[in-house]
Amino acid sequence: MQPHYLPAEIEQQARKYWEESRAFKAVETPGKPKYYCLSMFPYPSGKLHMGHVRNYTIGDVLARFHRMQGYNVLQPMGWDAFGLPAENAAMQNNVPPAAWTYQNIDYMRGQLKSLGLAIDWDRELATCKPDYYKWEQWLFTKLFEKGMVYKKTAPVNWDPVDQTVLANEQVIDGRGWRSGALVEKRDIPMYFMRITAYADELLRELDNLPGWPEQVKTMQRNWIGKSEGVEIHFPYAGSAEVLKVFTTRPDTLMGVTYVAVAAEHPLALDSAEGNPRLAAFIEECKKGGVAEADLATQEKKGMATGHFVLHPITGEKVPVWVANYVLMGYGEGAVMAVPAHDERDFEFAKKFGLPIRQAIEAGELKEARNAIASGNYSEKGLAQLEKVLSDFKFTSDRWQVWYGEKNGVCVHSGKYDGLNYEQARDAIAADLKTKGLGDKQVHYRLRDWGISRQRYWGCPIPIIHCKTCGDVPVPEQDLPVVLPEDVKIDGTGSPLKKMPEWYRTACPDCGGEATRETDTMDTFVESSWYYARYASHDCATAMLDQRARYWLPVDQYIGGIEHAILHLLYARFFHKLMRDVGLFGGEAISPTLSQEERGQSSSSSGFNEPFANLLTQGMVLKDGAKMSKSKGNTVDPQALIERYGADTARLFMMFAAPPEQSLEWSDAGVEGAFRFLKRLWKAVADHLEKGAVAAFRGGHLSGELKALRFQLHQTIQKVTDDYGRRHTFNTAIAAVMELMNALGKLDDASPAARGVAQEVLEAAVLLLSPIVPHICHALWGELNPGTSLLDAGWPKADPAALVQDEIELVVQVNGKLRGSISAPKDAGRVAIEKIALNNDQVQKHIGGQTVKKVVVVPGRLVNIVI
RNA sequence: GCGAAAGUGGCGGAAUUGGUAGACGCACUGGAUUUAGGUUCCAGCGCCUUGCGGCGUGCGAGUUCGAGUCUCGCCUUUCGCACCA
């Protein structure tokens with residue numbers, strides 16, 4: 001055996017073996033449990049970054065671990081190939097986006113291959129290829145026919161100098177990134193997907209995803225934002241029309257002192273006619289971009305419309321204001337304002353001198369009054385409590401807390417006085433319903449998904465505009481609508497608009513003159529269904545075929561936490577769309593893993609959810625900041641692989657932090673990983689130098705060898721759990737390192753010792769192989785010539801090796817560690833207590849004081865309380 | 001502004017169900033090997049203290065025989081906010 005670890009050589013040999021034996025080709029095998037392991041596909045930006053290396057290593061570790069456990073594993077790879085950066089690069093380098101993208105894909109594919117990933121490359125796909133996006137267009141036309149796609153206007157960022165629509169990312173401090181011009185909101189017609197129709201299912205099904213992180217499910221729940229409230233109609237003074245608002249706090253209705261509408265609200269626009277100051281203000285509100293984070297943090301501005309509505313209960317006149325903090329896209333674009341109990345309304349009312357009327361008081365006050373009535377509380381105490389609470393009023397969080405938590409009671413609210421939240425809500429909703437001025441309503445924060453993009457490098461929206469027939473979907477036989485690839489990008493809008501030879505066409509319905517839609521789809525659309533297409537990657541007759549029913553759902557999905565909401569919600573939505581279009585046929589035909597087999601799994605039946613288990617990976621940082629070109633703190637994976645090999649890169653990434661946490665880059669840590677692999681290689685080489693030997697199969701062992709076998713089989717158990725259930729690869733590696741350290745201390749050349757050493761080394765190589773597959777492939781071949789590691793299977797712990805006669809217990813006195821004792825493994829509480837009390841160290845610390853209590857935690861510790 | 005997380009030695013992290021805080025690795029220090037550097041190997045390594053011992057998981061309270069872990073309140077950092085992907 002070669003005495004030195006030569007990564008370049010052994011990694012090339014290992015990859016050659018895997019390729020030639022077609023080791024990772026995934027074949028549908030009914031009856032065999034399948035494991036579909038998917039990492040989020042990369043955007044082909046040019047070259048891999050460390051985040052990719054981390055993501056794909058995590059996926060590969062899980063794929064290889066499950067393969068060794070006997071699963072039929074599918075791990076595919078592809079390219080999220082449409083997107084804005086290609087257009088920017090095209091302008092910079094004067095190369096068409098398509099050419100730039102394909103070039104990047106070729107380079108990055110080579111990089112991925114050098115990582116030694118267990119991928120079935122036959123299933124590779126790129127979303128910019130017509131045979132992929134054809135089916136996206138097909139689904140779009142089906143959804144258009146079902147009414148799940150519709151058209152409406154919506155605001156976008158408009159750069160008035162470049163005369164172009166800007167992405168939020170291209171708006172810096174309210175200005176266009178290239179022109180520097182102040183950005184404006186502009187309404188344009190767009191196609192929308194009716195994701196709100198699935199809001200309730202998307203919310204409910206989260207409960208059937210035990211394999212998803214709670215954090216992600218919570219974020220999605222909040223994003224969907226189901227709230228039960230009341231729609232309230234404020235009649236216009238002297239008109240039959242009403243102004244609709246939605247509120248989750250109908251109990252505060254009697255505290256309303258004004259109503260605020262968005263600048264784009266019809267009432268605002270109406271009022272602006274003949275009111276130049278208001279018109280100017282509305283114009284002012286159009287300035288700036290559409291990003292919500294900016295809208296929510298901007299200074300609160302407003303202006304009275306001069307119009308009034310009537311309070312639906314009291315009939316009192318309530319002024320209507322235009323406010324920039326009210327968003328047209330939410331609910332009705334109008335809110336009832338209760339300055340006494342809402343921080344934003346309060347701030348606004350103070351700024352513009354609007355009245356503040358209390359309608360709720362703290363639950364504590366009601367309790368105090370009840371206590372006075374029953375003689376348990378003094379009038380003086382109440383007065384003090386009132387003063388304390390009034391001091392908090394409007395100045396501290398105290399006031400907001402009991403508003404926010406809905407635990408106050410109504411005051412100054414006429415007939416509703418004394419009612420709590422639920423009582424007031426029900427009473428007010430009932431009264432409004434009687435008057436025909438409102439009712440209870442369920443409202444979602446989630447908005448429909450605008451998918452039109454005024455860009456070139458994307459999937460063409462398959463719609464033909466005909467003067468007589470309107471918007472006509474492209475018929476199936478005419479799909480795909482192919483995006484021309486040889487174009488020039490000049491930054492003045494989509495080149496498609498300048499290609500009459502492309503957009504001029506005939507109407508599929510009437511045959512008359514018509515034009516193609518030149519907008520393309522949001523790239524989130526492509527990434528919402530690629531996971532399903534991998535199963536049917538080469539199907540030319542349909543979007544999906546029977547194979548999708550074998551592989552889906554994805555058993556393990558891995559990707560960055562930044563996708564927790566948008567991508568993952570859109571993909572869940574698309575899964576349900578595909579299901580409802582009938583693409584999955586009936587029930588699953590694949591033998592879905594049992595819960596025990598999988599650890600965590602989806603309890604949802606059939607094809608309701610795309611991803612049974614989700615692992616959200618943390619970021620790769622250097623010097624405490626995200627690695628990025630702009631910060632200039634990137635480390636090139638290529639250089640790392642060339643210097644140390646892929647195994648060192650993989651080992652460092654898996655060892656430095658658990659996958660869900662952020663990972664701090666460390667050059668010294670990489671050295672450490674490399675050193676460990678050298679030690680591992682040397683350990684096997686030194687062992688084999690003394691001659692080949694079979695692994696221990698039973699027989700008498702010294703205490704030292706027994707202890708080593710105990711540690712070995714404990715390590716097998718721990719590592720199996722760390723990979724399969726906990727996904728903490730860092731602790732799995734640490735456990736194998738400890739095992740190797742223990743083996744290194746063994747100074748015994750007896751045949752029994754050599755057998756145990758062989759057993760330890762074989763197991764260590766198998767346990768590490770999902771993380772460092774190349775070196776383990778080579779070492780296994782040395783330990784067991786003529787066999788392949790991939791055929792060896794996952795090691796199993798030997799129960800006989802795990803039997804122990806004595807166990808160690810820690811003894812505390814008053815919670816402080818004072819010593820340790822050894823007790824027979826089946827000793828009872830009383831026996832353990834006796835051993836602990838007889839311990840010299842313990843006696844010293846008790847020092848004659850009375851023992852009040854002894855707590856015995858079996859297998860762990862004894863705590864003596866004095 | 002809203003939503004979600006995170007905070008433990010000089011550093012990355014471990015402590016899985018409330019039960020020995022600091023596993024494993026890095027850095028550092030001392031020693032061995034080496035012409036030297038590097039490599040490799042051995043030992044030490046939270047802070048304070050001569051010692052006994054005390055203190056210690058962002059800060060402040062609380063629950064408990066026992067809190068890094070649970071509760072409440074703060075501080076700081078990170079992610080997302082619908083046209084970056």
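What's counted below: heavy atoms across the whole structure, side chains too, no hydrogens, waters or symmetry copies. Numbered from 1 within each chain, the chains take letters A, B, ... in sequence-line order.
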Sugar-phosphate only, base, or nothing, as touched by [X] at under 4.0 Å among non-hydrogen atoms:
{"X": "L861(A)", "value": "base"}
{"X": "V171(A)", "value": "nothing"}
{"X": "E738(A)", "value": "sugar-phosphate"}
{"X": "R679(A)", "value": "sugar-phosphate"}
{"X": "K816(A)", "value": "sugar-phosphate"}
{"X": "M190(A)", "value": "base"}
{"X": "H563(A)", "value": "base"}
{"X": "L446(A)", "value": "base"}
{"X": "M619(A)", "value": "sugar-phosphate"}
{"X": "W223(A)", "value": "base"}

Does [N] have OP1 or OP2 under 4.0 Å away from a side-chain N or O of [X]?
{"X": "R726(A)", "N": "U16(B)", "result": "no"}
{"X": "N222(A)", "N": "C2(B)", "result": "no"}
{"X": "N814(A)", "N": "C65(B)", "result": "no"}
{"X": "Q841(A)", "N": "G53(B)", "result": "no"}
{"X": "R675(A)", "N": "C26(B)", "result": "yes"}
{"X": "S666(A)", "N": "C26(B)", "result": "no"}

Whole angstrom value for the distance that separates [atom2] of [N] from [atom1] of [X]:
{"X": "R447(A)", "N": "G80(B)", "atom1": "CZ", "atom2": "C1'", "answer": "14 Å"}
{"X": "F729(A)", "N": "G13(B)", "atom1": "CZ", "atom2": "P", "answer": "16 Å"}
{"X": "K622(A)", "N": "G12(B)", "atom1": "NZ", "atom2": "C1'", "answer": "15 Å"}

Parallel, tilted or perpendicular: rings of F574(A) and W449(A) (30°, 60°)
perpendicular
Which is more 5' along RNA chain B, the nucleotide nearest A735(A) or the one nearest A296(A)? Just name the residue.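 Result of the comparison: A296(A).
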Query - L663(A) vs N863(A), nearer the 5' end of RNA chain B by closest nucleotide - result: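 Nearest nucleotide further toward 5': that of L663(A).
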Exercise for the section: Write down the distance separating the P atoms in A23(B) and C74(B), rounded off to the nearest Å. Expected result: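 Pairwise P distance, A23(B) against C74(B), rounds to 35 Å.
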With a 4.5 Å limit on heavy-atom distance, are the side chains of [X] and [Y] in contact?
{"X": "C459(A)", "Y": "T520(A)", "value": "no"}
{"X": "I864(A)", "Y": "H845(A)", "value": "no"}
{"X": "P460(A)", "Y": "Y133(A)", "value": "yes"}

Selected nucleotide, minimal atom distance to [X] side chain, candidates [options]:
{"X": "R455(A)", "options": "A4(B), G19(B), C83(B)", "value": "C83(B)"}
{"X": "A293(A)", "options": "A85(B), G1(B), C26(B)", "value": "G1(B)"}
{"X": "N741(A)", "options": "G19(B), C24(B), G13(B)", "value": "C24(B)"}

**OP:** Determine whether the aromatic ring centres of Y191(A) and Y150(A) lie less than 6.0 Å apart.
**Re:**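 Ring centroids of Y191(A) and Y150(A) are no less than 6.0 Å from each other.
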Using the six-membered ring of Y5(A), assess whether NZ or CZ of K682(A) lies under 6.0 Å from its centre and within 45 degrees of the ring axis.
no
Applying the 3.5 Å cut-off to both distances, the Watson-Crick or G-U partner of U77(B) turns out to be A5(B)
**Q.** Distance-only donor-acceptor test, R725(A) side-chain atoms vs U16(B) base atoms, 3.5 Å
**A.**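 Such a pair is found, so the answer is yes.
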**Asked** Could one point to a donor on the side chain of Q454(A) or the base of C83(B) with an acceptor on the other under 3.5 Å away?
**Response**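 Answer is yes: a donor-acceptor pair is held.
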